[in-house]
Amino acid sequence: MQMSLWGATVITNLLSAIPWIGKDLVEFIWGGFSVLSAPQDSDILLQILLIAGTSSILGVGYVSNFNNRYVKKPTTWGQSAVVKNYSNMNNFEAIQRLNAGDLVFAYLVGLIEGDGWFSVTKNGKYIKYEFGIEMDIRDIQLLYKIKEILGVGTINIRERNQRKTCLYRIRNKSHLKLIVLPIFDKYPMFSNKQYDYLMFKKLLLNEINFSKDLSDYIRPIEPLNSIETILNKPYFKPWLIGFIEAEGCFSIYKPVKDNSKVASFDVSQTNGLILIEAIRKELSLTPNAFQDKTNGFKLKVSSARAVENVVKYMQKAPLKLMGYKKLQYLLWLKELRNIPRYSNRFNIPDKY
């Protein structure tokens, strides 16, 4: 039987009364999502994350320093837990890592291009600036990892239509200027979502703070990039891993007229034909992208050769998947080893 989030809160409050270790137990359950880098062969850890993501108890992970952190009980706008970090050292470290060319920031841009946003909205008399990303609850560990890297922002958990999601958001204008803008200036987005960022940056740096000064905005439809300019960007490979983390899917299915299993990989983007075509070329895939009813462009492959290309690319990429998609990929590899049409064609790795 599943436990409600409020029930979990009550139980952890009781745990906090335990002498000496009570506080650490509570922080472990609610706030200890910050480090995922300890194990290299992470099948077991990711299985734990999968269970955590589908249960009402938030999760289990490796716990780092609890200094400068406090935990807030669920707020009234939905079932949510918020953790804030006030360490300026993390801000400085993020800037240092960006200046040193850490590719995790290119990965982050790809992730945001799939599931994130830049928004400027009217909030009464004033304007609210927000940078954020929303993912399934199974990726809460990933959002805490991103928060640890950037050193700022808040994480909320909410439920809509019986589906739990987690949100990472930054609204502090100083943090947006100091931490977020340099990342997206160094690694610009490839899709037309870049227009949103340019509008966001212009208003933020021009100190537009009042609703009366905010004009209407419609994202332009003219592409900012060609397939060639995207492929020529030196950060495209780590960007693509982040984008696959958000928009990719590794699946196994059985055709209606055939009992044999088929593996497939797909990736999609709304109004993103040029971007999907660039990904197709990068992965050396033959099928063309197709358009669905929602104006989304999708690339889906299942042939042995295409699957081989995807696997080899994932294994050689400069960065690895870091969230729930990593578990999906590991389980996908495991299934591939049991399907002759793939296992007989190429050597399927047993590690990632």
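Keep in mind that what you see is a predicted model, and the values were worked out from it rather than measured.
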> Under the 4.5 Å side-chain heavy-atom rule for ILVMFWY, direct or indirect, which residues accompany Phe210?
Replying inline: Tyr126

> Can Glu245 and Tyr107 be counted as having a side-chain donor-acceptor contact under 3.5 angstrom?
Replying inline: yes

Taking distance alone, no hydrogens or angles, what donor-acceptor pairs closer than 3.5 Å link side-chain atoms of residues 304-311 to residues at least two apart or in another chain?
residue: Glu308; atom: OE1; partner: Arg345; partner atom: NE; Å: 2.8
residue: Glu308; atom: OE2; partner: Lys312; partner atom: NZ; Å: 2.8
residue: Asn309; atom: ND2; partner: Ser284; partner atom: O; Å: 2.9

>> Looking at Lys334, I want to see if its NZ is surrounded by more than 12 non-hydrogen atoms of other residues, nucleotides or ligands under 6.0 Å.
In response: no

> In terms of ring plane angle, is the pair Phe250 and Trp332 parallel, tilted or perpendicular, where the classes change at 30° and 60°?
Replying inline: tilted

>> Would Trp117 and Glu130 count as a side chain to side chain donor-acceptor pair (under 3.5 Å) here? Give the steps.
In response: CA-CA 8 Å; Trp117 66 84; Glu130 181 175 280; 2.9 Å; yes

> Phe200 and Tyr129: ring-ring contact (aromatic ring centres under 6.0 Å, His included), yes or no, with the steps?
Replying inline: CA-CA 8 Å; Phe200 180 92; Tyr129 293 87; 5.7 Å; yes

> Under the 6.0 Å and 45° cation-pi test, does Arg138 pair with Tyr324?
Replying inline: yes

>> Please give me the minimum heavy-atom distance between Gln194 and Pro188, naming the atom from each residue.
In response: NE2-CB, 3.8 Å

>> Using the ring-ring contact (aromatic ring centres under 6.0 Å, His included) definition, which of the options Tyr197, Phe184, Trp239 pairs with Phe190?
In response: Trp239

>> If we count only N and O atoms by modelled type, under 3.5 Å, do the side chains of Glu282 and Tyr313 hold a donor and an acceptor together?
In response: yes

> Does one side chain, of Asn338 or Lys261, offer a donor that lies under 3.5 Å from an acceptor on the other?
Replying inline: no

